[in-house]
Amino acid sequence: MSRHPLPVLPRLALLACLLLGAAAQFGIFVTLIGALALNAIPGFDYTLADASAIAILGGADGATAIFLASRLAPDLLGAIAVAAYSYMALVPIIQPPIMKLLTSEKERQVEMSQLRPVSRAEKILFPFTVLALCVIFLPSAAPLIGMLTFGNLLREVGVVERLSKAAQNEIINIVTIFLGLAVGSKLSADKFLTLETLGILALGAVAFCIGTATGVLMGKVMYRVSGGKVNPLIGAAGVSAVPMAARVVNKVGLEANHHNFLLMHAMGPNVAGVIGSAVAAGVLLAVVGG
């Protein structure tokens, strides 16, 4: 047994991040079933590949949605991209009512303790560990996880400051411009202004709401299990809208308690949600794309 075991609160926080990030992905699989169920209505004809691409909207991760749609349903790429980024932009409007509906005033007022400082070595080892596990167990998600971990490594390694700043500014701006042009080319009227597009937009809204709700409900479970040490609001950050979802959690927490700063606590589930949605996309790609 280690002579210096990790304290209880950090262990609890790590478990909370994993569970909350996973719970918020529940909307992906509900949306998959919902998309297939819409085929019972005249005018809808989603294949399993189409439904899988639409389902990833439940993760609220635009990059993952575009990646999966380009592989499984290129014809729906424009509609899926628009839906993904539209609901990500509406996070401050959609999430707070759900968070308040599912939590009590007492739960929202919970102040979470400060966690231990994370060493530089841990920050550097984290991307390598995540990528290695992904390559071993789910190689189809490696491109998504690889880009996430590469950006993280550039920032944390501390010896490529110029590249890190370029990736955060010039490169990301150029990529965004070309991505917008590429997605826009898929939005021709004959493919976008259809009943199926309306179905995608509706499913995206439902998926995002379900992901937020399941994250908060898992947060309530963690609140009970921890004896009131975990604020259930951080579960809403389990969706992949980084960092907007974490900021919304912090805002709602401050409204309930002016001494309640949840931003850093919410970032854990937020990052876990990004990884979770990428893993879910990898599973769908491996099962359906294969």
Side-chain angles (χ1 to χ4, degrees), residues 2 4-27 59-61 87-123 126 130 152 155-156 208-277:
S2 172
H4 302 284
L6 196 62
V8 174
L9 279 177
R11 280 190 311 199
L12 183 61
L14 178 60
L15 179 62
C17 289
L18 295 175
L19 292 178
L20 296 174
Q25 309 312 311
F26 186 73
D61 189 338
Y87 293 121
M88 286 172 65
L90 292 173
V91 166
I93 298 174
I94 297 175
Q95 283 199 318
I98 298 173
M99 296 159 66
K100 293 177 180 178
L101 177 66
L102 297 177
T103 58
S104 65
E105 186 71 18
K106 179 183 176 181
E107 291 171 337
R108 293 195 294 273
Q109 291 177 351
V110 172
E111 295 182 29
M112 296 183 66
S113 301
Q114 180 66 36
L115 302 178
R116 69 176 178 87
V118 179
S119 68
R120 183 165 175 264
E122 289 176 298
K123 293 178 181 178
F126 172 75
V130 171
N152 183 267
R155 182 181 178 86
E156 299 299 343
F208 189 76
C209 292
I210 291 175
T212 300
T214 51
V216 174
L217 291 175
M218 179 57 74
K220 289 174 72 72
V221 172
M222 296 297 297
Y223 168 81
R224 296 295 178 86
V225 171
S226 67
K229 295 178 181 177
V230 174
N231 190 314
L233 289 178
I234 67 172
V239 297
S240 304
V242 179
M244 183 59 71
R247 291 175 178 172
V248 171
V249 167
N250 188 63
K251 181 176 182 294
V252 175
L254 284 172
E255 290 175 355
N257 181 351
H258 295 302
H259 300 286
N260 199 7
F261 296 95
L262 298 173
L263 182 61
M264 296 312 298
H265 294 282
M267 281 303 298
N270 217 178
V271 173
V274 173
I275 297 174
S277 62

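At a cut-off of 3.5 Å, with distance as the only test, no side-chain donor of N260 or Q109 sits close to an acceptor on the other residue.
Taking the side chain as every heavy atom from C-beta outward, M99 and V249 approach each other to under 4.5 Å. I93 has its side chain within reach of L90: a pair of non-hydrogen atoms, C-beta onward, lies under 4.5 Å apart. Residues L233 and V216 fail the side-chain proximity criterion, which asks for heavy atoms closer than 4.5 Å. Within the 4.5 Å cutoff, the side chain of V252 has no heavy atoms near those of the Q95 side chain. Between L262 and M112, some side-chain heavy-atom pair lies under the 4.5 Å cut-off. The shortest side-chain heavy-atom distance between R108 and K100 falls under the 4.5 Å cut-off.
Scored by the side-chain contact (heavy atoms from CB on, under 4.5 Å) test, V110 finds Y223, N231 as partners (sequence neighbours excluded).
Put simply, the side chain of Q25 gets close to the backbone of G273: a donor and an acceptor are under 3.5 Å apart. No donor-acceptor pair under 3.5 Å is formed between the side chain of N270 and the backbone N or O of G238.
Atom SG of C209 and atom CD1 of I98 lie 4.0 Å apart (nearest 0.5 Å). Summarising the geometry, atom CG belonging to L217 is positioned 7.0 Å from atom OG1 belonging to T214; distances are rounded to the nearest 0.5 Å.
K220 has a carboxylate O that lies under 4.0 Å from a charged side-chain N of E107, or vice versa, which qualifies the two as a salt bridge.
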